[in-house]
Amino acid sequence: MIPAVVNDLIKHLKEGLVEVTFEKINNGGTRVMPCTLNPKILESETGKSVLVGSVDPSSSHIAVWGMDVKAWRSFRVSTVTSWKPIREE
């Protein structure tokens, strides 16, 4: 992904929920992961205050809170095939 797109993805992760689709490294399968870096959502999910610092858009990986697995996960930026913000109901 180009840096401007990565910056936009990071911005949306910090603002709310995002659905990220990427190719898994271990088996080549596709993973669709609802995730976030939003401090309010993280506190609600973990019961702890979590401060998300800056995320380097040139990094090869992005660590996020996986909403479906209720745990920290990461993905390689180079394997992302699509992403979109998720509207909160």
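- Within a 6.0 Å radius of NZ in K11, more than 12 heavy atoms belonging to other residues, nucleotides or ligands are found.
- Ion pairing of R31 with D68 is present here, as a side-chain N (NZ or NE/NH1/NH2) and a carboxylate O approach within less than 4.0 Å.
- Counting all heavy atoms, side chain and backbone alike, I86 lies closest to P34 at CD1-CB, 3.9 Å.
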Q: May I have the step-by-step check of salt bridge (charged side-chain N to carboxylate O under 4.0 Å, His left out) for K48 and E43, ending in yes or no?
A: CA-CA 5 Å; K48 300 177 184 176; E43 184 171 0; over 6 Å; no
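- Under 3.5 Å, the side chains of T30 and E23 contain a donor-acceptor pair of N or O atoms.
- Taking all atoms of both residues into account, the shortest heavy-atom contact from L37 to V64 is CD2-CA, 3.9 Å.
- Across every non-hydrogen atom of C35 and L13, the tightest pair is SG-CD2, 3.7 Å.
- Looking at heavy atoms from C-beta onward, T21 lies out of side-chain contact with K84 at the 4.5 angstrom threshold.
- Pairing each heavy atom of P39 with each of V50, the nearest pair is CB-O, 3.7 Å.
- In terms of heavy atoms, P85 sits closest to H12 at CG-CD2, 3.4 Å.
- Annotation: side chain of W83 is in contact with side chain of M1 (closest heavy-atom distance under 4.5 Å).
- Here the closest heavy-atom approach between residue K14 and residue N38 is recorded as O-ND2, 3.1 Å.
- Between W65 and W72, the angle of the ring planes goes over 60°, which puts this pair in the perpendicular group of the 30/60° scheme.
- At distances below 3.5 Å, at least one donor-acceptor pair connects side-chain atoms of T46 with backbone N or O atoms of L42.
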